Amino acid sequence: MKKKLEPINVLYPTPAVLVGAVVNGRPNIITIAHIGIVNHARPFLISLSMGKAHYTNAGIKENKAFSVNIPSENLVAETDYAGLVTGKKVDKSRLFELFYGELENAPMISSCPVNMACRLHDIYDTQTHDLFIGEIVETYADESVLARTVVDISRVKPLLFDMSSKKYWSLGPALADCWRVGMTIKKKNRG
Ligand SMILES: Cc1cc2nc3c(=O)[nH]c(=O)nc-3n(C[C@H](O)[C@H](O)[C@H](O)COP(=O)(O)O)c2cc1C
């Protein structure tokens, strides 16, 4: 029996990521879980939904650049902390060791195994949120999380965010092969 709920968003889990930007001339880090994939081919576009009150937004708008860093389970407390305090009051620039690629205003986090530097592509402006659309211009990964040339998420051990339970979850085992497991039904239905 189904129960009708309020029309709430239940699109979880999403990975909790650390977004880096330069705000007022200093690096700042914010935790973001409302992140999306816009385009999986060139131009590689991703989205961040960021409440307008956050300190980071102005820096992304000014410098037109940001980074997206994927923390592993060992960074759960630091990830939570970056989402608990604001750069308006606390200097978060020394929370992590940072490095830079070709975008000088996209500080990336050394201790996160995967990093993407993004150029601001567009902003979808809602009443409450800036939806930043970024084009990925550089991607870095620790060799320890690579399976040959691709990122192996079982080695990354991302933090999976769920709003209902307000908890970080771990990735479970792989279940089946995409574009393959459905073939049994396709064959049975002959197309
Ligand atoms: C796990 C987690 C996920 C979060 N996801 C988002 C999000 O997707 N969008 C958002 O606007 N704020 C999100 N926040 C809240 C911001 O990270 C938080 O308000 C932060 O302190 C703002 O930092 P700033 O003012 O330095 O920019 C999240 C916080 C946590 C702990």
Side-chain angles (χ1 to χ4, degrees), residues 7-39 45-98 100 103-136 153 156-172:
I8 53 163
N9 168 36
V10 286
L11 202 58
Y12 297 100
T14 55
V17 303
L18 292 163
V19 171
V22 173
V23 193
N24 294 327
R26 294 183 79 87
N28 190 63
I29 305 295
I30 177 175
T31 306
I32 293 294
H34 292 165
I35 182 157
I37 299 164
V38 179
N39 188 7
L45 300 176
I46 57 172
S47 66
L48 310 174
S49 178
M50 292 181 38
K52 289 196 185 222
H54 297 325
Y55 180 67
T56 313
N57 299 37
I60 296 178
K61 288 177 191 174
E62 184 187 340
N63 299 307
K64 303 197 173 359
F66 61 86
S67 73
V68 175
N69 307 270
I70 303 183
S72 300
E73 289 176 6
N74 65 321
L75 291 178
V76 67
E78 289 82 353
T79 302
D80 204 54
Y81 177 75
L84 280 171
V85 300
T86 173
K88 287 176 202 162
K89 295 188 179 157
V90 176
D91 179 2
K92 290 187 261 182
S93 67
R94 278 196 286 271
L95 189 54
F96 299 100
E97 186 192 300
L98 303 172
Y100 292 82
L103 298 182
E104 60 181 31
N105 290 305
M108 290 180 274
I109 299 173
S110 307
S111 54
C112 288
V114 188
N115 321 87
M116 292 168 278
C118 299
R119 190 177 287 123
L120 184 65
H121 176 82
D122 209 345
I123 306 173
Y124 182 78
D125 189 13
T126 78
Q127 224 174 5
T128 55
H129 284 68
D130 292 316
L131 188 74
F132 292 112
I133 313 283
E135 178 178 354
I136 302 164
I153 49 166
V156 173
K157 299 191 192 313
L159 302 169
L160 305 182
F161 171 78
D162 171 46
M163 189 65 101
S164 306
S165 59
K166 296 195 172 54
K167 289 194 191 304
Y168 300 99
W169 293 72
S170 292
L171 186 73

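Bear in mind the structure is a predicted one, so any value in this text is a computation, not a measurement. Order of listing sets the numbers, starting from 1, for every ligand and every atom in it.
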Is there a heavy atom of Ser49 sitting under 4.0 angstrom from any atom of ligand 1? yes
For Val85, the ligand 1 atoms with a heavy-atom partner under 4.0 Å come out as 20 (C), 21 (O), 23 (O)
Measure the acute angle between the ring planes of Phe66 and Phe132, then classify it against the limits of 30° and 60° as parallel, tilted or perpendicular. tilted
To check your reading of the model: name the closest protein heavy atom to atom 7 (C) of ligand 1, its residue, and the distance in Å. Ile32 CD1, 3.5 Å
Hey, which atoms in ligand 1 end up nearer than 4.0 Å to a heavy atom of Ala82? 20 (C), 21 (O)
In this structure, atom 18 (C) of ligand 1 is nearest to the protein heavy atom Gly83 O, 3.2 Å
To which protein heavy atom is atom 6 (C) of ligand 1 closest, and what is the distance rounded to 0.1 Å? Thr31 O, 3.6 Å
Could you tell me the residue and atom name of the protein heavy atom closest to atom 1 (C) of ligand 1, and the distance to it rounded to 0.1 Å? Tyr168 OH, 3.2 Å
If you count the atoms of ligand 1 from 1 in the order shown, which ones are under 4.0 Å from a heavy atom of Gly87? 24 (P), 25 (O), 26 (O)
Result of checking Ile109, Thr79, Val19 against Ile29 for side-chain contact (heavy atoms from CB on, under 4.5 Å): Ile109
Counting from 1, what ligand 1 atoms have a heavy atom of Phe161 closer than 4.0 Å? 1 (C)
Tyr55: numbered ligand 1 atoms lying under 4.0 Å from its heavy atoms: 24 (P), 25 (O), 26 (O), 27 (O)
Top protein contact for atom 8 (O) of ligand 1, by heavy-atom distance: His34 N, 2.8 Å
Nearest atoms (heavy-atom pairs only) where Thr56 meets Ala21: CG2-CB, 3.7 Å
Is a side-chain donor or acceptor of Asn9 paired with a backbone partner of Leu11 at a separation under 3.5 angstrom? yes
With side-chain contact (heavy atoms from CB on, under 4.5 Å) as the test, would you mind laying out the steps for Asp125 and Asp130 before giving the verdict? CA-CA 5 Å; Asp125 189 13; Asp130 292 316; 3.9 Å; yes
Sole candidate of Thr126, Leu131, Ile32 that passes side-chain contact (heavy atoms from CB on, under 4.5 Å) when paired with Ser49: Leu131
Going by the order shown, which atoms of ligand 1 are within less than 4.0 Å of some heavy atom of Thr56? 24 (P), 26 (O), 27 (O)
At under 4.0 Å between heavy atoms, what of Lys88 touches ligand 1? The answer is neither
For atom 25 (O) of ligand 1, closest protein heavy-atom neighbour: Thr86 OG1, 2.6 Å
Which atoms from ligand 1 have a heavy atom of Asp80 less than 4.0 Å away? 31 (C)
Nearest neighbour in protein (non-hydrogen) for atom 5 (N) of ligand 1: Ala33 N, 3.0 Å
Using the six-membered ring wherever Trp is involved, compare the ring planes of His34 and Phe161 and label them parallel, tilted or perpendicular (cut-offs 30° and 60°). perpendicular
Could you tell me, atom by atom, which parts of ligand 1 come under 4.0 Å of a heavy atom of Met50? 11 (O)
Under 3.5 Å: donor-acceptor pair, side chain of Lys92, backbone of Val85: yes
Tell me whether Ser67 contacts the main-chain N or O of Pro107 through its side chain, where contact means a donor paired with an acceptor under 3.5 Å. yes
Where is the tightest heavy-atom contact between Val22 and Glu104, given as atom of each residue plus distance? CG2-O, 4.4 Å
Atom 12 (N) of ligand 1: which protein heavy atom is closest, and how many Å away? His54 NE2, 3.0 Å
Pairwise side-chain contact, Pro158 with Leu160, heavy-atom cut-off 4.5 Å (strictly under): yes
